[in-house]
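Notes follow the structure.
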There are 2 protein chains.
Amino acid sequence: MPDTQDLLFRTLADPTRRAIFERLCRQGEQTVGALTSQSGVSQPAVSKHLGLLKQAGLVRDRHEGRQTHYSAQLGALAPLMDWTREMAGFWESRFDDLEDLLKRMDQ
Amino acid sequence: MPDTQDLLFRTLADPTRRAIFERLCRQGEQTVGALTSQSGVSQPAVSKHLGLLKQAGLVRDRHEGRQTHYSAQLGALAPLMDWTREMAGFWESRFDDLEDLLKRMDQ
DNA sequence: CGAACATATATCTGTGTGGTTATACGTCAA
DNA sequence: TTGACGTATAACCACACAGATATATGTTCG
């Protein structure tokens, strides 16, 4: 069972899938057909990508007649932002430590 | 030729590789041996991961005698933060648009 | 020099997964 | 009900790639 960050990174690692997600972010809710027409891959491939995006919590689906509308769930990106900030934070704290050390050495 | 974001996402998608990078972020510069001892995979595997991390600009290497020291290059995470912010930005702007629409409808 | 060590490269293998086509499932219109 | 449509699922294939083992490259020490 992969943790949330792993699932997010793995899900967004594929260019086609990420492009679909980006499109949903930029242009809002879209049907599978609309997404397929600009994806460069077949409709089943798009459905599969959407399934994985949904599994990662990155999209919602809404059924309306025979169409399915998908939309981005931006909240799902939070763990990614947290992770990035955390990594940057570790770096900065180590940098501060170094700075302190240099200051003490300077005395 | 993959763009920077694609390379970043793909590089960080692997759990073993991401763990190595995290360790370098948390604990600073490490030798290949030190990284190997806690990675759960073989030394060649670690070397290969470090090679990919380096290719993505996420780590630097410094040779000292027969050891190689690796350290995290946090600047390389910037495109990732930019992308995340961009996606969140699109979402917010669409939210603002909706708000505007509702306001106009309210009049 | 030769041996132990640290890391990198070579080669191979198994598997995960993105892609396809074919088909099933649900919905709307006639 | 029949047929067209929109989407999802099934079955299959090809390929990328993470991992292993074996070996090469380079370094320190005796």
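So you know, we letter chains A, B, ... as the sequences are listed, proteins then strands, and number each from 1. Every heavy atom of this structure was used, including side-chain atoms; hydrogens, water molecules and symmetry mates were not.
- Taking a 4.0 Å limit (strictly below) on heavy-atom distances, residues 52-63 of chain B reaches DNA chain D at Leu52(B).
- Shown are Asp3(B), Thr11(B), Thr4(B); of these, the side chain to side chain contact (heavy atoms under 4.5 Å, CB included) with Leu7(B) is made only by Thr11(B).
- The nearest pair of heavy atoms linking Ser47(A) to Val32(A) is OG-CG1, 4.1 Å.
- Taking atom CG on Asp6(B) and atom C1' on dA16(D), their separation rounds to 13 Å, with Å as the unit.
- Residues Arg17(A) and Leu53(A) are in side-chain contact: their nearest non-hydrogen atoms beyond the backbone lie under 4.5 Å apart.
- Residues meeting the side-chain contact (heavy atoms from CB on, under 4.5 Å) test with Gln55(A), sequence neighbours left out: Leu52(A).
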| message | Base contacts versus sugar-phosphate-only contacts with protein, heavy atoms under 4.0 Å: please encode nucleotides 24-30 of chain D as B, S and - from 5' to 3'. | response | --BBS--
| query | Please walk me through it: do Arg10(A) and Asp14(B) pass salt bridge (Lys or Arg N to Asp or Glu O under 4.0 Å)? | reply | CA-CA 7 Å; Arg10(A) 278 216 329 259; Asp14(B) 181 75; over 6 Å; no
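- Under the salt bridge (Lys or Arg N to Asp or Glu O under 4.0 Å) criterion, no residue pair touches residues 31-40 of chain A, with sequence neighbours excluded.
- Between Val46(A) and Thr16(A), the closest side-chain pair of non-hydrogen atoms is not below 4.5 Å.
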Protein-nucleotides 19-22 of chain D N/O pairs closer than 3.5 Å?
residue, atom, partner, partner atom, Å
dG19(D), OP1, Thr16(B), OG1, 3.0
dG19(D), OP2, His49(B), NE2, 2.4
dG19(D), N7, Lys48(B), NZ, 3.2
dG19(D), O6, Lys48(B), NZ, 2.7
dA20(D), OP2, Ser42(B), N, 2.9
dA20(D), OP2, Ser42(B), OG, 2.7

| query | Is there a side chain to side chain contact (heavy atoms under 4.5 Å, CB included) between Gln73(B) and Leu58(B) once you walk through the steps? | reply | CA-CA 5 Å; Gln73(B) 285 286 95; Leu58(B) 287 163; 5.7 Å; no
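- The stretch residues 40-56 of chain B participates, sequence neighbours left out, in these salt bridge (Lys or Arg N to Asp or Glu O under 4.0 Å) pairs: Lys54(B)-Asp61(B).
- On the nucleic acid side, DNA chain C has its first and last nucleotide under 4.0 Å of a heavy atom of chain B at dA4(C) to dT9(C), going 5' to 3'.
- When the side chain to side chain donor-acceptor pair (under 3.5 Å) test is applied to Gln67(A), no partner is found at least two apart in sequence or on another chain.
- Side-chain atoms of Arg18(B) come within 3.5 Å of backbone atoms of Leu12(B) as a donor-acceptor pair (strictly under, hydrogens ignored).
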Hey, can you pull the donor-acceptor pairs under 3.5 Å for the side chains in residues 74-84 of chain B, sequence neighbours left out?
residue, atom, partner, partner atom, Å
Trp83(B), NE1, Glu22(A), OE2, 3.0
Thr84(B), OG1, Leu80(B), O, 2.8

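- Listed by first and then second residue, the ring-ring contact (aromatic ring centres under 6.0 Å, His included) pairs involving residues 27-73 of chain B amount to none (not counting sequence neighbours).
- Of the side-chain N and O atoms in Tyr70(A), none sit less than 4.0 angstrom from OP1 or OP2 of dG6(D).
- Non-hydrogen atoms lying under 4.0 Å from DNA chain C are contributed by nothing in residues 31-38 of chain A.
- For Gln38(B), the side-chain contact (heavy atoms from CB on, under 4.5 Å) test picks out Arg23(B), with sequence neighbours left out.
- When all heavy atoms of Ala72(B) and Phe21(B) are compared, the closest pair comes out as CB-CE1, 4.0 Å.
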